[in-house]
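Taking it in order: structure first as structure tokens, then the write-up.
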Amino acid sequence: GAMFLEQASPTATQCRFESNTAGQSGAAFMALQGDPMMDQCVFDSNTAATWGGAAHLRESSPTFSNCEFTGNSAEHGGGAIAGQGGQPTLTDCEVVSNSTLGSGGGLRNGPGCSAILSDTLVCGNVVNEVATEANQIVASSFSGVLAHLKRKTVDLRMGTVLLIGG
């Protein structure tokens with residue numbers, strides 16, 4: 001991918017991550033135990049072979065403000081973002097038209113990942129070329145998303161949150 005962040009917390013403002021590829025995960029960036037801040041960034045048409053078309057987060061809590069995730073893809077899950085551990089925050093973002101063959105066309109929150117979404121549009125994301133209500137956000141547990149999802153400020157068009165497991 002474009003960036004590998006290990007125990008790093010950089011700030012990116014008005015950046016464009018476009019058409020990056022990753023042989024594994026996180027075509028725009030992979031964050032391992034870091035808390036990067038992304039403000040007014042565009043993640044467009046990035047492709048990862050496994051997890052997180054734009055970003056793969058492991059034990060990381062990045063902040064995305066006013067960011068767009070469009071046209072990203074990952075084979076196993078998290079067309080735009082895949083997380084395991086940590087607490088990513090998306091505020092005033094758009095997660096639209098991303099895809100995966102696995103789970104979570106928009107976001108996939110794996111074990112220990114609790115995403116916080118506020119004033120964020122999540123729609124048109126697909127799994128196996130189908131945009132259904134179960135394909136927008138996938139969480140591995142109740143705390144994976146629902147405990148932090150502010151329904152009144154999150155627009156899940158054509159979507160709900162699908163829970164896998166407990």
Side-chain angles (χ1 to χ4, degrees), residues 1-100 102-126 136-139 144-145 148-150 153-157 159:
M3 293 191 301
F4 179 75
L5 309 171
E6 185 172 3
Q7 297 180 343
S9 300
T11 298
T13 303
Q14 298 180 338
C15 292
R16 185 171 188 87
F17 298 89
E18 184 174 11
S19 300
N20 295 290
T21 59
Q24 291 293 317
S25 59
F29 73 90
M30 163 73 168
L32 176 60
Q33 298 177 337
D35 302 326
M37 295 181 62
M38 304 288 170
D39 184 40
Q40 301 172 54
C41 293
V42 174
F43 299 86
D44 183 28
S45 302
N46 298 289
T47 304
T50 58
W51 303 100
H56 186 207
L57 315 170
R58 293 187 57 102
E59 300 175 28
S60 297
S61 298
T63 301
F64 299 97
S65 298
N66 300 298
C67 292
E68 297 176 20
F69 296 86
T70 307
N72 301 289
S73 64
E75 188 167 329
H76 295 306
I81 301 171
Q84 183 174 354
Q87 190 173 63
T89 301
L90 286 79
T91 304
D92 295 317
C93 293
E94 292 186 4
V95 182
V96 179
S97 299
N98 301 284
S99 64
T100 185
S103 60
L107 289 88
R108 183 186 187 284
N109 296 318
C113 184
S114 299
I116 298 173
L117 286 76
S118 179
D119 297 322
T120 292
L121 173 66
V122 181
C123 71
N125 300 291
V126 300
Q136 305 307 310
I137 301 174
V138 171
V145 169
H148 301 287
L149 185 63
K150 299 176 181 176
T153 60
V154 177
D155 186 351
L156 291 171
R157 292 187 194 163

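- Using the six-membered ring where Trp is involved, F69 and F43 have ring planes that are parallel, under 30° apart on the 30 and 60° scheme.
- The neighbour count for M37 CE, taken as heavy atoms of other residues, nucleotides or ligands under 6.0 Å away, does not exceed 12.
- Checked by atom type and distance alone, the side chain of T100 pairs as donor or acceptor with a backbone atom of A74 at under 3.5 Å.
- L90 has its side chain out of reach of V122: every pair of non-hydrogen atoms, C-beta onward, lies at least 4.5 Å apart.
- Residues passing the salt bridge (charged side-chain N to carboxylate O under 4.0 Å, His left out) test with D44 are R16, sequence neighbours excluded.
- Under the 4.5 Å side-chain criterion, counting only non-hydrogen atoms from C-beta, I116 is in contact with Q87.
- Rounding to the nearest 0.5 angstrom, the gap separating the SG atom in C67 from the CG atom in D39 is 6.5 Å.
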Open item on the list: With side-chain contact (heavy atoms from CB on, under 4.5 Å) as the criterion, how do Q84 and W51 come out once you've worked through the C-alpha distance, each side chain's angles and the decisive distance to 0.1 Å?
Closed with: CA-CA 10 Å; Q84 183 174 354; W51 303 100; over 6 Å; no
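- Side-chain atoms of F64 and I81, non-hydrogen and from C-beta on, do get closer than 4.5 Å to each other.
- Residue pairs meeting the salt bridge (charged side-chain N to carboxylate O under 4.0 Å, His left out) criterion with at least one member in residues 74-97, sequence neighbours excluded, do not occur.
- Annotation for A27 and G53: closest pair CB-O, 3.1 Å, computed over non-hydrogen atoms.
- Looking at residues two or more places apart in sequence or on another chain, you find no salt bridge (charged side-chain N to carboxylate O under 4.0 Å, His left out) involving E6.
- Distance CZ/F4 to NE2/H56: 11.0 Å, rounded to 0.5 Å.
- Of all non-hydrogen atoms in A28 and A2, the two that sit nearest each other are O-CB, 3.2 Å.
- In this structure, the separation between CG on L107 and CG on N125 is 8.0 Å, given to the nearest 0.5 Å.
- Of all non-hydrogen atoms in A12 and C41, the two that sit nearest each other are O-SG, 3.5 Å.
- Rounded to the nearest 0.5 Å, atoms CE (M30) and OG (S60) are 7.5 Å apart.
- Residue T63 holds its OG1 atom at 10.0 Å from CE of M38, rounded to the nearest 0.5 Å.
- Across every non-hydrogen atom of G26 and A48, the tightest pair is N-CB, 3.8 Å.
- Taking every heavy atom of both residues into account, C113 and P88 meet most closely at SG-CD, 3.7 Å.
- For the pair N72 (side chain) and N46 (backbone), a donor-acceptor distance under 3.5 Å is present.
- Using a 4.5 Å heavy-atom cutoff, the side chains of L57 and F29 are in contact.
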